[in-house]
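Here's the structure we're looking at; comments come further down.
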Amino acid sequence: VSDIIVFLTLLGAGFAFGQLAEKRHYRSIIRRESELNRLPAVASRYPPVDRPYDQALVTGSVVVSVDYFKRFVASLRNLFGGRVTAYETLLDRARREALLRMKTQAKGMGAEMVFNVKYETASISKGRKQTIGSVELLAYGTALIPRERS
Amino acid sequence: VLISNLEIVPGRRVTKHLGLVQGSLVRAKHVGRDLMAGLKNIFGGELKGYTELLQESREEAMQRLQQQAEAVGANAVLKVRFSTSSVAQGGCGDLCVRHRRNPGVVPCRTSSFS
């Protein structure tokens with residue numbers, strides 16, 4: 001019986017805190033995205049050559065994990081197959097957060113745009129079980145910083 | 001040494017290709033961080049300790065890349081790529097070891113057009 005109580009408590013705590021954290025995270029993502037909207041980050045491999053630019057590699061990374069409740073839902077989903085929405089939002093959040101951090105770094109350098117943006121995903125599996133649990137997202141690109149004319 | 005993931009450097013051109021360089025690193029965090037991460041696995045959210053760990057290891061891998069590039073006399077490293085994988089799962093309990101490298105990187109000597 002105590003096992004069930006522990007399980008339900010974890011499930012409840014996971015659900016409550018997880019939802020709260022996700023909502024707060026999305027709010028902050030949307031706010032910062034609109035702030036950084038003027039700094040384009042594009043996947044093009046060829047930078048403009050009309051003006052002299054300094055360039056620097058910028059990166060942004062984040063490690064996030066799902067809560068207990070969502071992991072449970074995902075494991076249920078594994079029985080029936082289909083879209084695992086629990087993990088979809090996790091990856092969406094992670095990707096946007098990583099890009100935002102990269103952009104923040106680029107902005108701090110006074111960059112005008114970021115070229116050749118690439119994403120890199122790695123799932124950090126802990127322990128013996130093959131659960132996805134947490135995921136690392138890395139966004140990187142080359143920031144172009146306009147060079148002042150002397 | 002200029003490090004970039006573009007194939008060209010605006011305003012300059014590649015005059016010499018010096019071969020591939022790479023930098024890799026394996027790193028772990030102490031048990032306390034792992035415990036915190038375990039807690040976060042219940043509540044969800046960012047694992048700050050691990051974000052830090054990865055950031056640090058990436059920077060160190062970049063340093064090694066840079067050292068190698070300097071050793072062959074390069075002044076730029078183009079087309080940098082990152083890749084991550086977690087090594088040593090299971091067996092080692094809560095310890096999470098990460099591995100980070102920059103494969104397929106071309107160091108070059110560049111010179112200005114004008």
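In this text the structure is predicted, and so the values were computed from the model without any measurement.
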Q | CZ on Arg58(B) to CG on Leu138(A), rounded to 0.5 Å | A |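 That separation rounds to 4.5 Å.
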(Q) For the interface with chain B, which of Ala16(A), Ala56(A), Gly141(A) has the highest count of heavy-atom pairs at distances below 4.5 Å? (A)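 Of the candidates given, the most pairs with chain B belong to Gly141(A).
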Q: Between chain B and each of Val62(A), Leu57(A), Leu20(A), count heavy-atom pairs under 4.5 Å; write down the option with the most.
A: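 Top option by heavy-atom pairs under 4.5 Å: Leu57(A).
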When hydrophobic residues are tied together by side-chain contacts of less than 4.5 Å, even through go-betweens, does [X] share a cluster with [Y]?
{"X": "Val1(A)", "Y": "Leu11(A)", "value": "no"}
{"X": "Ile4(A)", "Y": "Phe69(A)", "value": "yes"}
{"X": "Leu90(A)", "Y": "Tyr119(A)", "value": "yes"}
{"X": "Val135(A)", "Y": "Val84(A)", "value": "yes"}
{"X": "Tyr26(A)", "Y": "Tyr87(A)", "value": "no"}

Would you say that [X] contacts [Y] through its side chain, given a criterion of any heavy-atom pair below 4.5 Å between the two side chains?
{"X": "Ile3(B)", "Y": "Gln55(A)", "result": "no"}
{"X": "Val64(A)", "Y": "Leu47(B)", "result": "no"}
{"X": "Gln55(B)", "Y": "Thr59(A)", "result": "yes"}

Q.
Quick check: closest heavy atoms across Thr51(B) and Ser61(A), and the distance to 0.1 Å?
A.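 Scanning both residues, the minimum pair turns out to be CG2-O, 3.4 Å.
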**Q.** Residue pair Ser4(B) / Thr142(A): nearest heavy atoms and the distance that separates them
**A.**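 Closest heavy-atom pair between Ser4(B) and Thr142(A): OG-OG1, 3.5 Å.
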Q.
I'd like to know if Arg24(A) pairs up with Glu46(B) as an ion pair, taking the criterion as any Lys NZ or Arg NE/NH1/NH2 lying under 4.0 Å from an Asp or Glu carboxylate oxygen.
A.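 Result for this pair is no, no salt bridge flagged.
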**Q.** Which atoms of Leu2(B) approach chain A - backbone, side chain, both or neither, heavy atom under 4.5 Å
**A.**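 For Leu2(B), the contact with chain A is made by the side chain alone.
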Q: Please name all residues satisfying ring-ring contact (aromatic ring centres under 6.0 Å, His included) with Tyr140(A), sequence neighbours left out, ordered by chain then number.
A: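 Listed in chain order: Phe82(B).
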**Q.** Under 4.5 Å side-chain linkage, directly or through intermediates, the cluster mates of Leu6(B)
**A.**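 Traced through the cluster, Leu6(B) reaches Val42(A), Tyr53(A), Met113(A), Phe115(A), Leu144(A).
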